[in-house]
Amino acid sequence: MTAWLVERLHRGAEQALRAAIEKIGVSDAGELRLSPPTEPSMGDLGMPCHPYAKLLRRAPKQIAEEIAAQTPAFPGLAKVEALNGYVNLRFDMGYVMREGLREAWSADQKLGRSDVYVGKKLLIEFSGPNTNKPQHLGHVRNNVLGLAVSNLLEAVGYDVVRANIINDRGIHICKSMLAYQRFGKGATPASTGRKGDFFVGDYYVLFDKKLREEMETWKANHPNEEIDAEVFFTKHSELGAAAQEMLRMWEAGDPETRTLWEQMNQWVYEGFDATYARLGIRFDWVDYESDTYILGKDVVEKGLAMGIFERRDDGAVVCDLAKIGLEGKKVLLRSDGTSVYITQDLGTAMRRFEAHDPQRMIYVVADEQNYHFQVLFGLLELLETGKGERCHHLSYGMVDLPHGRMKSREGTVVDADHLMDELEAMALERLQEQVQKERERAEERGEDFVAPTDQDIKGRAEKIGQSGLKYFILRFGPQTRIRFNPEESIAPEGETGPYALYSYARINSILKKNYDLTTLPSDTVLDALGTPIEIALIKTLIQFPRAVLEAAEQLNPSRLAQYLFHLAQAFSSFYNDADHNIVKSPEPQREARLALCKAFQKVLRAGLSLLGIDVVEQM
RNA sequence: GCGCCUGUAGCUCAGCUGGAUAGAGCAACGGACUUCUAAUCCGUAGGUCGCAGGUUCGACUCCUGCCAGGCGCGCCA
């Protein structure tokens, strides 16, 4: 794959400047600091000369002039200027336009993609749902982030394994199972018309309700005793005892318990499949905790043999965290020989290394687990040099709602499906208004109006709602704790998904009113471009591969999201300027501008697709 | 108590390996529709970058201390 124009320009600039710096007497130029000047009028790429002042014992201003005079030409360079101790390069805009448009037209599917990391394998774990309830807003951020990051990593060449870990065992699962066993009366998702994950979640909630009732009764009978819910559950509750017994039965492999468990899990998976499909997510590898919870014991044995873990008198195996620069001791095996959370994670990591041998493993998990991963990676590194280093915790902040933090007890948890329903309904309402407006406008002009079908409108509303949700989440850096605002997320104005989609839809309208180009016009036609607004648009356009690479390397999709917003803005300025009206443009401007529009359309679609966002052809 | 993260415009957030005059969006105010879809665009106003030191030719960015908020520090996951 040949380097993208933006990379060629950067590389050309770097080589030329390096040569010039050496020529004026600096043997090692070091890392060059190339960045666009603050004012676009000063040039396209600038370099400060201050670092060489001490070495050369000359003023930066003078050095800049010397370097500027010595900078050799390279393809695309138009002018070199010295200003205030900076060397500023100006690119040949005719060249940039011709090459940039050719690039966008010819690359198509491969647009923005690169082979920087080709030949490297990477495993990314995300989602990690529990099988006792539907996924909520927190999972949505995880899913959306995981989807975008895995797309981005794939775009820069990685062979990406998308992995999910299903938390399908434990006391919380037994709670919903027990409630179903006692109160379900044989109902099924099919018999009730309830989506599987919600169906099971209802019993989880029911368990909690019954438990509270039981506790109230107990309190009434023990008026003088203080009790908290957890103690009641483990010590006094009949339901609690039954749930714990069920967990023991499950672990013993009791056929009846296992059958119920499998049945209820199946219902949940059917529900999850629908939610994942809606979000556009698929996985290549799925681990089930019911399977992984027994892993890791061999790892512990290895650690004991290596002398990095120790067996305490009570039988528990621990690791002194001072070995990895942390305080305290971490238990790896309980005194009864069973494993804990981190033991499973160690075993699961080792198994994944064996199965895939990835160069990198990324865990998309909320930031409350920062410490856990610090310990996990530290231990992995102790056990096998290089293993821990390959791992990375992509930590992200919590999602709040406008009215505050989500709390399941207060019923302020928003589940993924209803959230998407709500957003899509809001988008639908707006679309219908829009159609009505268009109908009126057409009537005024005496034109025929072909109303879109309900199905068409609904399909668009779905995509618009999705774009709002995904863009809202992805425009922030992962670390930022965000407050999800439904209205704001699907707002047509501002930095939103629908805004980007609207600019895309407008292109179709242009192409309909003009004609759709199938091939890139000749260079002589393209030379008709050159207004400041056109130049601004194309300069933004060619930055796309950089935005993708940066977003991928920093595991930060917001880099790309923000770039796409700026791109859409640049296009909207172009579109709205009366002097750039394409229908009214004379040839060859008209054709050249159509080519520019199509290039924009290709880039925007490719970029949004990396974020997991589908475009709509019409809005 | 210890560790990690955050603190930038009224609000929500960007700000790359330190570089030229700190940027967006929303809200506010003022403009642009006989339209290639105004779900748009153009403009105005708004900031002692939490505070105090330090390093540097140069600090929102690096270091130290303090203040405020969040999260974590289980033989839970």
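Order of the sequence lines sets the chain letters (A, B, ...), proteins ahead of strands, with each chain counted from 1.
- Relative to the side chain of A:Tyr502, the nucleotides B:G18, B:A20, B:U40 differ in distance, and B:U40 lies closest.
- Side-chain atoms of A:Ser335 and base atoms of B:C75 include a donor and an acceptor less than 3.5 Å apart.
- B:A39 atom C1' lies 15 Å from atom CD of A:Glu488, rounded to whole Å.
- Aromatic ring centres of A:Phe574 and A:His580: separated by under 6.0 Å.
- Heavy atoms of A:His393 sit nowhere under 4.0 angstrom from any nucleic acid atom.
- A:Ala578 comes within contact range of no nucleotide atom at all, as no heavy-atom separation falls under 4.0 Å.
- A ring-centre distance under 6.0 Å is found for A:Tyr86 and A:His50.
- Residue A:Glu368 places its side chain closer to B:G72 than to any other of B:G72, B:C41, B:A39.
- The residue A:Tyr86 sits close to a base: some heavy atom pair falls under 4.0 Å.
- Contact between the side-chain N/O atoms of A:Ser35 and the OP1/OP2 oxygens of B:C16 is not found at any separation under 4.0 Å.
- Candidate nucleotides B:G19, B:A39, B:C36 were compared by shortest atom distance to the side chain of A:Pro48, and B:G19 ranks first.
- For A:Lys512, no side-chain nitrogen or oxygen approaches OP1 or OP2 of B:C36 to under 4.0 Å.
- When the nucleotides B:A77, B:U12, B:C71 are ranked by their closest atom to the side chain of A:Arg475, B:U12 comes out on top.
- The nucleotide whose nearest atom lies closest to any side-chain atom of A:Pro51 is, among B:C36, B:C26, B:G19, B:G19.
- A cation-pi arrangement, defined by a distance under 6.0 Å to the six-membered ring centre and an angle within 45 degrees of its axis, is present between A:Arg475 and A:Phe472.
- Base contact: A:Tyr341 has a heavy atom under 4.0 Å from a base atom.
- Here the rule is side-chain contact (heavy atoms from CB on, under 4.5 Å) with A:Leu537, and of A:Leu567, A:Thr531, A:Leu529 only A:Leu567 fits it.
- When heavy atoms are screened at a 4.0 angstrom cut-off, A:Glu433 is found touching no nucleic acid atom at all.
- Side-chain nitrogen and oxygen atoms of A:Tyr499 include at least one within less than 4.0 Å of the OP1 or OP2 phosphate oxygen of B:C41.
- The residue A:Glu438 sits close to a base: some heavy atom pair falls under 4.0 Å.
- Residue A:Gln479 places no side-chain N or O under 4.0 Å from the OP1 or OP2 atom of B:C5.
- Among the atoms of the strands shown, none is found under 4.0 Å from any heavy atom of A:Pro60.
- Remark: A:Gln369 is not in phosphate contact with B:C4, judged by side-chain N or O atoms under 4.0 Å from OP1 or OP2.
- A distance-only check finds a donor-acceptor pair linking the side chain of A:Asn508 to the backbone of A:Glu617 [under 3.5 Å].
- Residue A:Asn88 places a side-chain atom within donor-acceptor reach of the base of B:A20, judged by atom type and a 3.5 Å distance cut-off alone.
- Checked against the 6.0 Å centroid criterion, the rings of A:Tyr502 and A:Tyr575 do not qualify as a close aromatic pair.
- Within 4.0 Å of A:Leu431, counting heavy atoms only, lies at least one base atom of the nucleic acid.
- Cation-pi geometry between A:Arg141 and A:Tyr396 is not satisfied (NZ or CZ under 6.0 Å from the ring centre, within 45° of the ring normal).
- Aromatic pair A:Tyr341/A:His372: centroids less than 6.0 angstrom apart.
- Within 4.0 Å of A:Arg590, counting heavy atoms only, lies no atom of the nucleic acid at all.
- For B:U40, neither phosphate oxygen OP1 nor OP2 lies less than 4.0 angstrom from any side-chain nitrogen or oxygen of A:Asn576.
- Salt-bridge check for A:Glu424 with A:Lys458: failed, with every basic side-chain N at 4.0 Å or more from each acidic carboxylate O.
- At the heavy-atom level, A:Gly494 lies under 4.0 Å from the strands shown only through sugar-phosphate atoms.
- Distances shown here put a side-chain N or O of A:Arg559 below 4.0 Å from the OP1 or OP2 atom of B:G15.
- The side chain of A:Arg334 approaches B:C76 more closely than any other nucleotide in the set B:C76, B:G19, B:A39.
- Here A:Glu550 lies in heavy-atom contact (under 4.0 Å) with a base.
- For B:A14, one of the phosphate oxygens OP1 or OP2 lies less than 4.0 angstrom from a side-chain nitrogen or oxygen of A:Thr480.
- Annotation: of the two residues near RNA chain B, A:Asn514 and A:Leu333, the 5′-most nearest-nucleotide partner is A:Asn514.
- Closest to the side chain of A:Glu31, from the set B:U17, B:A24, B:U40, is B:U17.
- Nearest nucleotide to the side chain of A:Ala316, out of B:A24, B:C36, B:C75: B:C75.
- Of the candidates B:C73, B:C4, B:C36, B:C4 carries the atom nearest the A:Asn370 side chain, counting heavy atoms from C-beta on.
- For the strand RNA chain B, secondary-structure stems (runs of at least three Watson-Crick or G-U pairs, all distances below 3.5 Å) span B:1-7 with B:67-73, B:10-13 with B:23-26, B:28-32 with B:40-44, B:50-54 with B:62-66.
- Base engagement by A:Pro37 is indicated by at least one non-hydrogen atom pair under 4.0 Å involving a base atom.
- The aromatic ring centres of A:Tyr293 and A:Trp250 sit less than 6.0 Å apart.
- Using a 4.0 Å cut-off, no side-chain N or O of A:Lys329 falls inside it from OP1 or OP2 of B:C75.
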